[in-house]
Amino acid sequence: MKLSTATQLLAVCPLLVAAQVTNFPYESTQLQWRDTLGNPFLRFGNTSQPIDPDSQPLCRAWPGSQDWPTQNEWRQFNVSLGGALLRPEPPAYACHEGARYDVAQCSWLVREAGRTSFWIDNPLAILTPWPQGNTCSASLNSTGPCTRGGFPEYVVRASSVKQVQAAVNFARNKNVRLVIKNTGHDFGGRSTGAGSLSIWTHNLNALEFVPDFESPGYSGMAVLVGAGVQAWELRDFASRNKVTVLHPGGSTVGVAGGWFASGGHGPLTSKLGLGSDQILSINVVTADGQFVTADPETNHDLFWALRGGGPGNYGVVTSVVMRAFPPIRSTSISVAFSVNPNATQPAPRRGPFQGGVPNPNATAPITAPFPNATRTFPLPSNTTATPRDGTLPLPGSRNPMLTDVQTFWRGVKLTYRYCTKIEAVGGYCYSYIYPLGNSSFRFTHSFSIPDLSAANASTLLAPLYNSLRIAGINITQPRTPTQRGGPSPSLFRPPFPTPTGGISPSRPPLPTRESGAASLSSTRYRSRLIPHSFFDSDPLYDALFSAIITGVSEGGYTFHGIAYTPTETIAGPIGADSAVNPAWRRAALHASFMENIPEGMGTIEARLRDARGKRYADAMSLKGVEGGGSVGSYLNEGDVMETDWKGSFYGVEKYGRLLRVKAVRDPWGVFWAPTTPGSEEWEVKTLDGYPGSQNGRLCRAGRGI
Ligand SMILES: Cc1cc2nc3c(=O)[nH]c(=O)nc-3n(C[C@H](O)[C@H](O)[C@H](O)COP(=O)(O)OP(=O)(O)OC[C@H]3O[C@@H](n4cnc5c(N)ncnc54)[C@H](O)[C@@H]3O)c2cc1C
Ligand SMILES: *[C@@H]1O[C@H](CO)[C@@H](O)[C@H](O)[C@H]1NC(C)=O
Ligand SMILES: *[C@@H]1O[C@H](CO)[C@@H](O)[C@H](O)[C@H]1NC(C)=O
Ligand SMILES: *[C@@H]1O[C@H](CO)[C@@H](O)[C@H](O)[C@H]1NC(C)=O
Ligand SMILES: *[C@@H]1O[C@H](CO)[C@@H](O)[C@H](O)[C@H]1NC(C)=O
Ligand SMILES: *[C@@H]1O[C@H](CO)[C@@H](O)[C@H](O)[C@H]1NC(C)=O
Ligand SMILES: *[C@@H]1O[C@H](CO)[C@@H](O)[C@H](O)[C@H]1NC(C)=O
Ligand SMILES: *[C@@H]1O[C@H](CO)[C@@H](O)[C@H](O)[C@H]1NC(C)=O
Ligand SMILES: *[C@@H]1O[C@H](CO)[C@@H](O)[C@H](O)[C@H]1NC(C)=O
Ligand SMILES: *[C@@H]1O[C@H](CO)[C@@H](O)[C@H](O)[C@H]1NC(C)=O
Ligand SMILES: *[C@@H]1O[C@H](CO)[C@@H](O)[C@H](O)[C@H]1NC(C)=O
């Protein structure tokens, strides 16, 4: 592709048999056979050599035990890395008793760090802290000392492919648990792990625009993206180069890490497909320590599995090539209304998050999965009202306050169902329903439509506003839809509104936050990829909303809905031939229930909450309803304790093939993350049995210590 780099590489690496295609200078620095001569722990692996499972250790090495590498070996390893081995303190040590307790620093961590890139730039931090075991939390009233818990022991601050290769070889040869961390956004603790060596890819940060990229099956504009690049960086880079590239909506989400590895959605997913559909070529260090390129013609099995087949499981990605498009301009329009049955009192705009506080004694199933009568609302027959002139808004409120809960839910149902019309023109919906207590709820929703003038978008949406008015919601259509500047739709900042706030995605960024700012939040997601067929049938649509309404009003969960249609047609032939969860291809709505996990929650309560949350999420699948079922879940925003995770996250039709790729490419199980293909062979042995915790030793399932 870029001859100069390839030529330069040949000079640097005369031992390589075939010229390696590299995207960035950091990929030209590779581990050589001669580097391993004096360092047997750096030797490459050979996937062709059979492994006798009975001779394998039952567990990964554990700090303090005999099998853990010696100080001297770590020192030698550090030398071979050029000094890139870190042994970081857990980031919130200042909040805990001991010599380094510092109330001012702790206060900054709790109150201010989330307005900065502090957590993203930290080698250990993960944004969803509970899987670490809460052994060193950023809280003003922590008790007890700070311990490492589920954080890695050592971190390789990777700035070259050579260091990544060395880390993979060291972990494999020394039986050390390996994790990969990019930004730490994973909701299920997949970028952390007790007793591990972590490869930190954050600093593999480079971008390059290629106007004429040629590869098998593609010819056109592309962007080369380093493993450490975040969404906002890609968005700004694309903007400067006057192109549009699909990126995650969450501004600090990594682009070439977990996002595309599980599909990955972004504001233009109904038009351009999933994150994984953008990928044309992947540079990756595999479990044997080799650095290879995977594309439609080379290492096709890897190319297939890396796109949608689960994060951190087949190799360490060092860069990808993504499709780029001529600028796409989007128009966005918001809908918001609330309900408070006590007309005299305004509904709290930012009420307390009721996040599903279960009765610890409640073992009975929740009320009928699809309560009938009061919770199903037929659509008004009048939805085809004549579109009115978008420049003359009827009188009404931008943010009406209702007193009738049934009217509220009727409006919610009308609005979501309208999303299919928006999806049909390449747009999407982004929404929340917040339970505020006392039968008060708040609904915020926005439509974003690419390549449509403001006036045309207004006309497209007019029937919805009309039908909302007919349904009894005194809402006015915004006079002029928000025109999002630049060639690519803006990112949402803060990327995911916290469950306590009704932050509208169309609001401008908060001026006090840095571009790369990210905060901690122990949010638990349960996701369902709702098929289009549920929107095409009144009974299924009503049943779906019965489940959603029950989850919000009875369960107390915040509902988060993003409506996209990343069909195979939109994906294109390269994207369609990938491991992406088939449920994505059928989906019209990515529906999730969110709850906050309080710090210090015990194992028993955690288990009860899990069981409770599963019931509400499962209700959205409409199993047992005619036409129901065939509902998957989005791994990245799903629950790491999902019961049927193989079918839900990957699809039964693809799981077997993924297992075969895993067996061929990583017979050692060097790479491990919960709910990835093959992960069932291992389990984390925690002391407290906390479900989903990474605070324990990794052992072969059912056989460990
Ligand atoms: C605030 C927020 C906003 C979000 N917004 C969106 C959104 O708009 N769209 C969307 O689709 N998802 C979104 N997500 C979910 C997001 O896609 C996942 O959390 C994703 O895993 C993040 O990937 P990461 O590499 O940034 O994070 P990390 O936690 O660092 O990594 C996630 C997983 O990928 C693996 N991994 C990371 N880098 C590599 C690599 N180079 N090679 C191999 N494996 C690697 C890790 O081992 C881990 O298993 C959001 C999450 C949060 C917390
Ligand atoms: C890998 O192992 C196979 C089978 O033992 C052997 O034939 C091959 O030469 C080995 N490859 C390397 C590079 O050592
Ligand atoms: C690795 O080496 C560098 C440079 O000598 C040093 O600064 C660093 O502390 C070492 N890491 C560890 C874990 O000792
Ligand atoms: C912890 O401190 C915060 C104030 O910083 C307070 O609001 C909260 O109630 C405290 N929690 C507990 C469990 O004491
Ligand atoms: C749970 O059951 C115990 C024992 O029956 C009882 O003491 C407790 O109050 C119950 N808790 C709740 C929240 O109902
Ligand atoms: C639902 O309908 C059935 C039969 O029509 C009835 O027996 C049941 O009581 C209803 N359930 C609710 C919660 O109204
Ligand atoms: C349909 O809407 C019109 C106004 O737009 C109204 O006059 C009429 O009564 C409605 N019909 C029904 C069946 O609601
Ligand atoms: C609708 O809202 C507008 C603006 O707030 C108000 O003037 C009007 O009286 C409302 N109409 C009804 C029927 O509530
Ligand atoms: C619910 O109503 C009660 C009684 O009026 C009140 O004390 C409480 O604050 C209300 N809760 C919310 C979340 O509004
Ligand atoms: C309405 O307000 C009254 C008085 O404040 C309170 O007792 C009642 O619980 C409230 N009802 C709801 C549904 O919020
Ligand atoms: C807007 O709609 C008109 C009439 O349907 C059409 O001619 C025009 O191309 C549309 N423009 C845009 C930017 O969508």
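Counting starts at 1 for both ligands and their atoms, in listed order. Note that the structure is a prediction, hence the values are computed from the model and not measured.
- Looking at Arg60 and Asp67, no side-chain N of the basic residue comes within less than 4.0 Å of a carboxylate O on the acidic one, giving no salt bridge.
- With respect to atom 4 (C) of ligand 3, the closest heavy atom belonging to the protein is Gly83 CA, 3.9 Å.
- The pair Arg87-Glu153 meets the salt-bridge criterion, with a side-chain N (NZ, NE, NH1 or NH2) lying under 4.0 Å from an Asp/Glu carboxylate O.
- Inclusion of Leu85 in the set of residues having an N or O under 3.5 Å from an N or O of ligand 3 is warranted.
- For ligand 2, the polar-atom distance check against Ser48 finds no nitrogen or oxygen pair separated by under 3.5 Å.
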Run the disulfide (SG to SG under 2.5 Å) check on Cys429 and Cys419 step by step: do they pass?
CA-CA 6 Å; Cys429 302; Cys419 290; 2.2 Å; yes
Given the rule in the ring-ring contact (aromatic ring centres under 6.0 Å, His included) test, do His445 and Tyr416 qualify, once you have shown the distances and angles that lead to the verdict?
CA-CA 9 Å; His445 188 105; Tyr416 278 107; 5.3 Å; yes
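- For atom 9 (O) of ligand 11, the nearest protein heavy atom is 4.0 Å or more away.
- Annotation: atom 5 (O) of ligand 2 to nearest protein heavy atom, Gln49 CG, 3.5 Å.
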Walk me through whether Phe170 and Trp74 qualify under ring-ring contact (aromatic ring centres under 6.0 Å, His included).
CA-CA 10 Å; Phe170 183 84; Trp74 286 112; 5.0 Å; yes
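- Of the polar atoms of Asn78, at least one N or O is found under 3.5 Å from an N or O of ligand 3, judged by distance alone.
- Nearest to atom 11 (N) of ligand 2 by heavy-atom distance, out of Thr47, Asn46, Asp288, is Asn46.
- Annotation: cation-pi geometry not satisfied between Arg177 and Trp672 (NZ/CZ under 6.0 angstrom from ring centroid, within 45° of ring axis).
- Proximity of atom 13 (C) of ligand 2 to the protein is not indicated, since no non-hydrogen protein atom lies closer than 4.0 angstrom.
- Within the 4.0 Å cut-off (strictly below), a protein heavy atom is located near atom 2 (O) of ligand 3.
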Decide yes or no on side chain to side chain contact (heavy atoms under 4.5 Å, CB included) for Leu302 and Ile282, but give the supporting numbers first.
CA-CA 9 Å; Leu302 268 182; Ile282 304 169; over 6 Å; no
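- The single protein non-hydrogen atom nearest to atom 6 (C) of ligand 11 is Asn456 ND2, 4.0 Å, given as residue, atom name and distance.
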